[in-house]
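First the structure, in the form of structure tokens, and then the observations on it.
Each chain gets a letter, A, B and so on, in the order its sequence line appears, and its residues count up from 1. All values below come from the heavy atoms of this structure, side chains included, with hydrogens, waters and symmetry mates left out.
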Number of protein chains: 2
Amino acid sequence: MARNRPYTCGLDAAIDVVGGKWKATVLWMLEDQGPLRFGELRRRVPSVTEKMLIQQLRELEADGLVHREAYHQVPPKVEYSLTDYGRTLELALRPLGEWGHQNMARIEATHP
Amino acid sequence: MARNRPYTCGLDAAIDVVGGKWKATVLWMLEDQGPLRFGELRRRVPSVTEKMLIQQLRELEADGLVHREAYHQVPPKVEYSLTDYGRTLELALRPLGEWGHQNMARIEATHP
DNA sequence: CTCCGTACTGACCTTCTGGTGGGTACCTGA
DNA sequence: TCAGGTACCCACCAGAAGGTCAGTACGGAG
């Protein structure tokens, strides 16, 4: 995402954090469906590529929104979950998600 | 913004609409400071370029979020304001804006 | 002994966003 | 006559975001 510092308002900052193409979806999934393994997450967001999903997860992890738990097994197993901080973001995103849900038809119609 | 249809959740759709670099700020300004002329808007969002501001306004207008009122005068005068639909979006964005405001220090620290 | 599944990594390429620097038309005031 | 202010438009370009395709390590199944 294009950085825009210093932020003129909280909205800038928030969009900076959650503006990646898949981040909101990942946050949503992790809140909605509990901790998920990498592969599970991937299967739930069908059109995302592995590289993209990893990239977004790494960024979310670096921002402290997502926790990564690796189990040292073979085959490898890694679980992703929301941190408390991540949960506060998800909460703040709810109204926006509902807005999008309610207006989806209109958005699809007017938005190129 | 990168389109992501069909949307997997309302959040996708909403971010698609509001994800432009300056859109949230413009929405915010128009709600907060009433109808504004092009030049006023420009002065309130200092780092935006004219081209970008116009582009974002056009898109917001096409999405039905912003109303454009041109007065046929010389020198030209154009006023931008939120539509009712735009106001509902602004409302849905509030919690996110507050989240960003409250966590701005953390965001600036952890976010590259 | 080769193939499968897991969770990645890296090189490379394409698409899109945002930025620069020019130009337009019109009237006003100096 | 000529600069100044308004609200734009257009061609071009740089860099970031996103995508494709290949490859890695490890053990178990066949």
Side-chain angles (χ1 to χ4, degrees), chain A residues 1-8 12 15-26 29-30 35-63 66-81 111-112, chain B residues 1-8 12 15-26 29-30 35-63 66-81 111-112:
Chain A
M1 268 271 104
R3 277 84 188 95
N4 196 12
R5 321 284 200 65
Y7 299 124
T8 48
D12 286 355
I15 291 215
D16 206 354
V17 167
V18 84
K21 189 171 178 185
W22 308 99
K23 286 188 187 168
T25 313
V26 169
M29 287 292 165
L30 288 180
L36 290 174
R37 304 184 53 172
F38 178 81
E40 291 174 326
L41 211 43
R42 193 168 131 58
R43 258 166 266 135
R44 265 158 241 252
V45 190
S47 41
V48 76
T49 63
E50 292 196 344
K51 181 202 148 193
M52 269 301 113
L53 185 53
I54 288 170
Q55 203 177 94
Q56 306 279 300
L57 283 167
R58 291 261 177 281
E59 289 178 29
L60 290 170
E61 198 195 345
D63 285 345
V66 158
H67 173 71
R68 177 178 183 276
E69 186 75 35
Y71 299 85
H72 299 290
Q73 310 174 347
V74 167
K77 168 175 173 180
V78 180
E79 255 185 13
Y80 292 92
S81 54
H111 212 74
Chain B
M1 265 276 104
R3 276 87 193 90
N4 196 13
R5 319 279 203 68
Y7 299 125
T8 48
D12 285 355
I15 291 211
D16 205 355
V17 168
V18 84
K21 189 170 176 184
W22 308 98
K23 285 187 185 169
T25 314
V26 168
M29 287 292 167
L30 288 180
L36 291 173
R37 304 184 51 172
F38 179 81
E40 292 174 327
L41 210 45
R42 193 169 128 58
R43 258 166 265 130
R44 265 159 242 253
V45 191
S47 42
V48 76
T49 62
E50 291 196 346
K51 179 201 149 192
M52 271 300 112
L53 186 53
I54 289 170
Q55 201 177 96
Q56 306 279 299
L57 282 168
R58 291 262 176 280
E59 290 179 26
L60 290 170
E61 198 196 346
D63 285 344
V66 157
H67 174 70
R68 177 177 184 275
E69 186 75 36
Y71 299 85
H72 298 288
Q73 309 174 349
V74 167
K77 170 177 172 179
V78 180
E79 253 185 13
Y80 292 93
S81 54
H111 214 71

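- Looking at the side chain of B:R43, the nearest of the listed nucleotides D:dG19, D:dC8, D:dT6 is D:dT6.
- Separating the OH atom of B:Y71 from the P atom of D:dC8 is a distance of 13 Å, rounded to the nearest angstrom.
- Look at CH2 on A:W22: it is 9 Å from P on D:dG18, rounded to the nearest Å.
- Within the 4.5 Å cutoff, the side chain of B:L53 has no heavy atoms near those of the B:V45 side chain.
- Across all strands, B:R58 comes closer than 4.0 Å only to sugar-phosphate atoms, never to a base (heavy-atom distances).
- Atom pair A:L41:CG and C:dC8:P shows a separation of 11 Å (rounding to whole Å applied).
- Two residues, B:K51 and A:Q56, neighbour DNA chain D, and the one matched to the more 5' nucleotide by heavy-atom proximity is B:K51.
- Taken from OH in B:Y80 to CG in B:L41, the straight-line distance is 8.5 Å, to the nearest 0.5 Å.
- Within the model, atoms CG of B:L30 and NE2 of B:H67 stand 12.0 Å from one another, a figure rounded to the nearest 0.5 Å.
- For the pair A:Q56 and A:W22, the tightest heavy-atom approach, listed with the atom from each and the gap, is OE1-N, 3.4 Å.
- Whole-Å rounding puts the B:H72 NE2 to D:dT6 C1' distance at 15 Å.
- Between B:R68 and D:dC8 there is a side-chain polar atom (N or O) within less than 4.0 angstrom of OP1 or OP2.
- Both A:P75 and A:M52 sit near DNA chain D, but only A:M52 has its closest nucleotide nearer the 5' end.
- Of the candidates D:dG19, C:dA7, C:dG19, the closest approach to any side-chain atom of A:P76 belongs to C:dA7.
- If you measure from atom CD of A:E40 to atom P of C:dC8, you get 13 Å, rounded to the nearest angstrom.
- For A:E50 and D:dG23, the CD to P distance is 15 Å, given to the nearest whole Å.
- Distance check: A:M52 CE to A:R42 CZ gives 13.0 Å after rounding to the nearest 0.5 Å.
- Side chain B:Q73 to base C:dC27: no donor-acceptor pair is found below 3.5 Å.
- Between C:dA7 and A:R37, a contact under 4.0 Å exists linking OP1 or OP2 to a side-chain N or O.
- Separating the CD atom of B:Q55 from the C1' atom of C:dG19 is a distance of 10 Å, rounded to the nearest angstrom.
- For the pair B:I15 CD1 and D:dG18 P, the computed distance is 11 Å after rounding to whole Å.
- For C:dC8, one of the phosphate oxygens OP1 or OP2 lies less than 4.0 angstrom from a side-chain nitrogen or oxygen of A:Y80.
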